[in-house]
Number of protein chains: 2
Amino acid sequence: MDTVDGALQALRSKGLKITPQRIAILKVLQGNTSHPSAEEIYKKVTRKHPNISFTTIYNTLDVLKKTGQIRELIIDKTRKHFDPDLSPHNHLICDTCHTIFDIFEDFSDAITIPQSVSDVFHVTGHEIVFYGICKECLQKTGN
Amino acid sequence: MDTVDGALQALRSKGLKITPQRIAILKVLQGNTSHPSAEEIYKKVTRKHPNISFTTIYNTLDVLKKTGQIRELIIDKTRKHFDPDLSPHNHLICDTCHTIFDIFEDFSDAITIPQSVSDVFHVTGHEIVFYGICKECLQKTGN
DNA sequence: CTGTGTGCAAAACGTTTGCATGCCT
DNA sequence: AGGCATGCAAACGTTTTGCACACAG
């Protein structure tokens, strides 16, 4: 997604409804580069919207995913993460603190599927995940 | 891991114990290219070892992971999968049936971390996951 | 004999569901 | 008015934990 307004229009155009809860969730997501989990979104939304439920968070994330406005990341063993940045990019995840970072380098030139594979599998996309340790954790651990 | 015997020796050399349950689990894993989940391993082991518990499955998988004999795949939203093949390779996952396939093409030439990234993150490995639909599901869905 | 491994049951965890009510359009 | 959205509580599936007992070394 780009802007809250754009996202709202996308919802409206599909007959979906604009609610204060959805607006609040979209505000948290807009420009968010922290790859939040449902719980992180819940916590932030709760600050200004104390009565919101997890059901609504999950429902809205599902709607946004299905309308192609956010991406679900399968990177973390323990929970799902969401990324409002739809531009093609990849991720680094710290083995220690589990923070997810963006990497905008383009590797797509080399990622070509050989004929032998495309014969038996229709590839629609790919995701590269880098594992390692972030600077902060390196310093804490006494490199 | 390569062979059951090799894996057992690796355990022994670390003061860990060889039990019938561990042997049974290793037999299921040896040469297994189906990227089984804990439950799939449990089901297979149960055939010859009806009293084994899930605790032992998880415990053994954890031990094998920590001794570097199997790899845990973070690919599937709903459960963990394990891969005894430690050779560098990547995976395809079918969006429909969630089967995981291997792809042995080497993309590493192009996957170079730029200085700007390695300054703030120490990369130890990476994994490329391809998404799409496998041949079987394509045919069922009426392509 | 020591301590690691096992199996059971219960708990924990993130996520999903059923349902009555609420509210956007 | 109609139907989608909300919030609650309960259910779900996977994984983890506490504990007493068993057994490999």
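Here the structure is a predicted model, which means the values were calculated and not measured. Residue numbers start from 1 in every chain, and the chains themselves are labelled A, B, ... in the order their sequence lines are given, proteins ahead of strands.
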Distance in angstrom units between [X] [atom1] and [N] [atom2], rounded:
X	N	atom1	atom2	result
Tyr58(A)	dC12(D)	OH	P	18 Å
Tyr42(B)	dG7(C)	OH	C1'	10 Å
Asp62(A)	dC4(D)	CG	P	15 Å
Ile57(A)	dG14(C)	CD1	P	15 Å
Leu61(B)	dT6(C)	CG	C1'	15 Å
Asp76(A)	dT15(D)	CG	P	14 Å
Ile23(B)	dG5(C)	CD1	C1'	13 Å
Lys80(B)	dG13(D)	NZ	P	19 Å

Interface residues of residues 43-54 of chain B with DNA chain D (non-hydrogen, below 4.0 angstrom): none
Lys/Arg N to Asp/Glu carboxylate O, Arg79(A) vs Glu40(A), below 4.0 Å: no
Minimum heavy-atom distance between [X] and [Y], given as atom pair plus value:
X	Y	value
Ala38(B)	Ile57(B)	O-CG2, 3.8 Å
Thr112(A)	Phe107(B)	O-CE2, 3.5 Å
Asp85(B)	His89(B)	O-CE1, 3.2 Å

Sole residue of Glu127(A), Lys65(A), His35(A), His81(A) in side chain to side chain contact (heavy atoms under 4.5 Å, CB included) with Arg71(A): Glu127(A)
Any Arg79(A) side-chain N or O less than 4.0 Å from OP1/OP2 of dC13(C): no
Short side-chain N/O contact from Gln21(A) to OP1 or OP2 of dG7(D), under 4.0 Å: yes
Whichever of Arg22(A) and Thr78(B) has its nearest DNA chain D nucleotide further upstream toward 5': Arg22(A)
Contacts of His122(B) that satisfy ring-ring contact (aromatic ring centres under 6.0 Å, His included) - sequence neighbours left out: none
Reading 5' to 3' through nucleotides 17-25 of chain C, protein heavy-atom contacts under 4.0 Å coded B for base, S for sugar-phosphate only, - for none: B------BS
Selected nucleotide, minimal atom distance to Ala38(B) side chain, candidates dT15(D), dT6(C), dT6(D): dT15(D)
No-hydrogen, no-angle side-chain donor-acceptor test under 3.5 Å, Thr3(A) and Asp5(A): no
Sugar-phosphate, base or nothing in reach of Ser37(A), heavy atoms under 4.0 Å: nothing
Verify same cluster id: Ile70(B), Leu16(B) (apolar side-chain graph, 4.5 Å): yes
Validation row, ring centre Phe121(B) to ring centre Phe130(A) under 6.0 Å: no
